[in-house]
Amino acid sequence: MAGGPGRNDVIRLPWSRPATVAHSAIIDIGSNSIRLVVYGGPDRIPATLFNEKVLAGLGRSLAETGTIDADAFRVAGAALARFAWLTREMQVDVVRTVATAAVRDASNGPDLIALAERYGLTVETLSGEEEAQAAGQGVLSAIPDADGIVGDLGGGSLELVRVKGGKLGERVSFPLGVLRIGAIRERRAGELDRTVQRMVRDAGWIGRGQGLPFYMVGGSWRALARLDMHHTGYPLPIAHGYSISLARINALRKILAEVPRTDLKAVPNLSGGRVPTLDNATSVLAAMTKHLGSATTMVSAYGLREGLLYAALPADVRAQDPLLIAAHDEGARQGRFAEHGDLLHKWIAPLFPRDDPAMVRLRHAACLLADVGWHANPEFRAERGVEIALHGNWVAIDAAGRAILAQALYSCLGGGGDSAPDPLPRLAPAAALSAAHRWGLAMRLGQRLSGGVAAPLQRTDLRRGRGQVELVVPARDTALYGEAVQKRHKALATALGMEAALVTP
């Protein structure tokens, strides 16, 4: 094209955002899969920069031969060679390689460890108790107020750990991985249930989950949640925090017995590699929750790998709120004005004195994310806000919380009208969405008044008067109260059933 760069010309950009530093990685040599996850970002809630798994099936032949078979060994070796190479090229600061039940139990497990070490990896073989501990820490990282029993289902084993008050309690490991369950079930009808009952009884865990949730960790149980979400028409494609009732687990067993595998592979976000283990995963879940006496189940997307990272953090970092830390990081990366969210939240807070602590926390997160839609097409900024709130990689927040957050961002970023966009009304109560709409209008006023800089919010106040939403602006700064600010002030006051008033002391 005339006037354009030649075929071999290099286009040099004047500026580019620096890449996020990959400061840690975990290579998890599991009994079913081998996975590399590379992390960056805040220590308390690191972002996943790279994630790759290989379904090697190391535990596939354990029940019959006590060894890792040749095909699985070969696949595992290739995966470890690739993962070692990738972490070197990514210049990851800290690489931790851990092995679980299959390597621990197989007679040729040491041979695989030796192979990994030839690739420059140092392998830690975790005991069953250490697996349980890491899984429990992972759940506490994502669900700090978890109170129940964590179950981590792998290919070779199933770990249980009691969590309460941010701490781990008793833990136990059973040889009930999905790759071992098939052999138990083949013996005779009901054999799996009897085996689980005997193991749980002998370990002293019968009824230990009475009335408590059972937190499900592991890819097979996440896949089961995906199946249930598909069949029930659940409006949010996020497995973390999703609950499956005990009655529904039994219904899923019937579905799995009747639905062809080809249909299962068509379920959105359901990994085809998990389909062969779904039936076994569902059967052991039904038996385990029955004998523990669990009240319900809940998926945790965080497990062993995240638990290893979380356990290594100082106590003061572990105590940080993972939702607010993640929202702060996201807002800083996608917004225009660093540190604006905390100031905005402080500025609008006097308008909402009756919000309970849970709502205050969500309002704070919304303020931290108030500017995330700015770089989107102006006609779709509000939709961008909804997308980030609903589908962001958040933890320590449930589906209703995501919807409330989405409503606040939708209103802040110019979403039209008082009605909530779909699917928000299906996820959160109308009263909570109305409150979030008012937060959004207050955030929108603060952003317009300040232009996104600190000084206007520091020198002005927003408060409730008698039937009025008062915007207090020093006389020397009244130029801030332009036409656009006046319109947003009036819209906020109307939503609160009040009048807008400018106060100039």
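Within the 4.5 Å cutoff, the side chain of Ile238 has no heavy atoms near those of the Trp394 side chain. Annotation: side chain of Val386 is not in contact with side chain of Leu409 (no heavy-atom distance under 4.5 Å). Side-chain contact between Asn250 and Lys254 is absent, with no heavy-atom pair separated by less than 4.5 Å. Between Leu304 and Thr100 the shortest side-chain heavy-atom distance falls below 4.5 Å. In this structure, the side chains of Val196 and Met199 stay at 4.5 Å or more apart for every pair of heavy atoms. Annotation: side chain of Thr48 is in contact with side chain of Tyr39 (closest heavy-atom distance under 4.5 Å). No side-chain heavy atom of Leu309 sits under 4.5 Å from any side-chain heavy atom of Gln137. The shortest distance between side-chain heavy atoms of Lys164 and Leu140 does not fall below 4.5 Å.
In summary, Arg35 and Asp28 do not engage in a salt bridge, as defined by a charged side-chain N under 4.0 Å from a carboxylate O. In this structure, Arg384 does not pair ionically with Glu387, as no charged nitrogen and carboxylate oxygen lie closer than 4.0 Å. Taking a cutoff of 4.0 Å between a charged side-chain nitrogen and a carboxylate oxygen, Arg402 and Asp398 do not qualify as a salt bridge. Ion pair Glu131/Arg171 not flagged as a salt bridge, since none of the NZ, NE, NH1 or NH2 atoms sits closer than 4.0 Å to an Asp/Glu carboxylate oxygen.
Nearest heavy-atom pair across Leu405 and Ala365 is CD1-C, 3.8 Å. Taking every heavy atom of both residues into account, Ala406 and Leu424 meet most closely at CB-CD2, 3.8 Å. Minimum interatomic distance between Ala223 and Leu270 (heavy atoms only, all atoms of both residues): CB-CD1, 3.2 Å. Summarising the geometry of Ala25 relative to Thr87, their closest heavy-atom pair is CB-CG2, 4.2 Å, with the distance given to 0.1 Å. Nearest heavy-atom pair across Gly77 and Tyr119 is O-CE1, 3.5 Å. Contact detail for Ser294 and Leu246: the closest heavy-atom pair is O-CD1, 3.0 Å.
Going from atom CG of Asn269 over to atom CG of Leu227 covers 12.5 Å, rounded to the nearest 0.5 Å. Between the CG atom in Leu49 and the CG atom in Asn51 there is a gap of 10.5 Å [rounded to 0.5 Å]. Taking CG from Asp329 and CD1 from Ile45, the interatomic distance works out to 10.5 Å, rounded to the nearest 0.5 Å. Distance check: His230 NE2 to Asp263 CG gives 8.5 Å after rounding to the nearest 0.5 Å. Atom CZ of Arg104 sits about 10.5 Å away from atom CG of Leu62, to the nearest 0.5 Å. Taking CG from Leu176 and OG1 from Thr195, the interatomic distance works out to 7.5 Å, rounded to the nearest 0.5 Å.
Within a 6.0 Å sphere centred on CD of Glu89, heavy atoms belonging to other residues, nucleotides or ligands number more than 12.
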**OP:** Please assess Arg274 against Asn32 for the test side chain to side chain contact (heavy atoms under 4.5 Å, CB included), listing each intermediate value before the final yes or no.
**Re:** CA-CA 10 Å; Arg274 297 292 182 185; Asn32 196 26; 3.2 Å; yes
Subject >> Chi angles and distances behind the side chain to side chain contact (heavy atoms under 4.5 Å, CB included) call for Gln133, Leu126 >> reply: CA-CA 10 Å; Gln133 179 173 322; Leu126 302 180; over 6 Å; no
**OP:** Start with the C-alpha gap between Ser173 and Glu129, add the side-chain angles, then the distance that decides, and say whether side chain to side chain contact (heavy atoms under 4.5 Å, CB included) holds.
**Re:** CA-CA 6 Å; Ser173 179; Glu129 183 170 329; over 6 Å; no
Original post:
What do the steps show when you test Val267 against Val275 for side chain to side chain contact (heavy atoms under 4.5 Å, CB included), and what is the final call?
Top reply: CA-CA 10 Å; Val267 173; Val275 169; over 6 Å; no
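The closest donor-acceptor contact from the side chain of Asn108 to the backbone of Ile68 lies under 3.5 Å. One N or O on the side chain of Thr65 and one on the backbone of Thr67 form a donor-acceptor pair closer than 3.5 Å. Looking only at distances, a side-chain donor or acceptor of Ser31 sits under 3.5 Å from a matching main-chain atom of Gly156. In this structure, the side chain of Arg162 does not engage the main chain of Ile149 through any donor-acceptor pair within 3.5 Å. A donor-acceptor pair under 3.5 Å is absent between the side-chain atoms of Arg318 and the main chain of Ala312, judged by distance alone. Checking side-chain atoms of Glu191 against main-chain N and O of Arg188 turns up no donor-acceptor pair under 3.5 Å. A distance-only check finds a donor-acceptor pair linking the side chain of Arg208 to the backbone of Gly204 [under 3.5 Å]. Although no hydrogens or angles enter the test, the distance criterion places no donor-acceptor pair under 3.5 Å between the side chain of Trp374 and the main chain of Leu413. With Ser300 contributing its side chain and Tyr302 its backbone, the two residues share a donor-acceptor pair below 3.5 Å. Under the 3.5 Å distance criterion, the side-chain polar atoms of His23 are left unmatched by any main-chain donor or acceptor of Val92.
No side-chain N or O of Tyr234 forms a donor-acceptor pair with one of Asp228 less than 3.5 Å apart. There is no side-chain donor-acceptor pair under 3.5 Å between His240 and Asn393. In summary, the side chains of His364 and Asp321 do not present any donor paired with an acceptor at a separation below 3.5 Å, with no hydrogens or angles considered. With 3.5 Å as the limit, one finds a donor-acceptor pair spanning the side chains of Ser141 and Arg44. Looking only at atom types and distance, the side chain of Glu124 has no donor-acceptor partner in the side chain of Thr122 under 3.5 Å away. Judged by distance alone, the side chains of Ser220 and Thr277 do bring a donor and an acceptor atom under 3.5 Å apart.
If you look at Trp221 and Tyr215, their ring centroids are not closer than 6.0 Å.
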